[in-house]
Amino acid sequence: MNAEMLSPIIMIVLMFALFYFFIIRPQQKRQRETRDMQGSLQKGSQVITFGGFHGEVHALDESTVILKSDEGVKLTYDRASVREIQES
């Protein structure tokens, strides 16, 4: 192989490495953090859903969570729809 043939191969490998380290890896880290946060939900936690609903965890099981609003309304959500736990 001569240098003319290696240059395009090196560029493709370099582009893939950059793509992996700047796009794929950070996205996997965010997904892992979100999954860990959703797994650590507890009754009484103040949360925000991806839809923007703010509420308190009233009850939960493996796949769903029941959130209670300030007015006492209870709504059932998928556990995966919880975006973040609010700090008190």
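No hydrogens, no waters, no symmetry mates; every other heavy atom, side chains included, goes into these values.
- Defined by atom type and a distance below 3.5 Å, a donor-acceptor pair is present between the side-chain atoms of Q86 and H54.
- Scored by the side chain to side chain donor-acceptor pair (under 3.5 Å) test, T64 finds D61 as partners (sequence neighbours excluded).
- Every residue two or more places apart in sequence or in another chain was checked for a side-chain contact (heavy atoms from CB on, under 4.5 Å) with F16, and none qualifies.
- The cluster map of Ile, Leu, Val, Met, Phe, Trp and Tyr, joined by side-chain heavy atoms under 4.5 Å apart, puts I12 and Y20 in different clusters.
- Annotation: the span from L14 atom CG to I10 atom CD1 amounts to 9.0 Å, rounded to 0.5 Å.
- Using a distance-only test at 3.5 Å, with no hydrogens or angles considered, no donor-acceptor pair links the side chain of T34 to the main chain of Q31.
- The side-chain contact (heavy atoms from CB on, under 4.5 Å) test applied to D36 returns R32, not counting sequence neighbours.
- Annotation: side chain of S40 is in contact with side chain of I85 (closest heavy-atom distance under 4.5 Å).
- R79 is linked by a side-chain contact (heavy atoms from CB on, under 4.5 Å) to Q38, L41, L60, counting only residues two or more places apart in sequence or in another chain.
- Partners of F53 by ring-ring contact (aromatic ring centres under 6.0 Å, His included), not counting sequence neighbours, listed by chain and number: Y77.
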Quiz: residues 22-29 side-chain donor-acceptor pairs under 3.5 angstrom, not counting sequence neighbours:
from : atom 1 : to  : atom 2 : distance (Å)
Q27  : OE1    : R30 : NH2    : 2.8

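- In terms of the side chain to side chain donor-acceptor pair (under 3.5 Å) criterion, residue partners of E71 (sequence neighbours excluded) are, by chain and number, S69.
- The line from CD of E84 to CD1 of I48 is 4.0 Å long, rounded to the nearest 0.5 Å.
- Taken to the nearest 0.5 Å, the CD1 atom of I66 stands 10.0 Å off from the NZ atom of K43.
- Here the side chains of T49 and L67 are in contact, with some heavy-atom distance below 4.5 Å.
- The side-chain contact (heavy atoms from CB on, under 4.5 Å) search around K68 returns H58, K74, not counting sequence neighbours.
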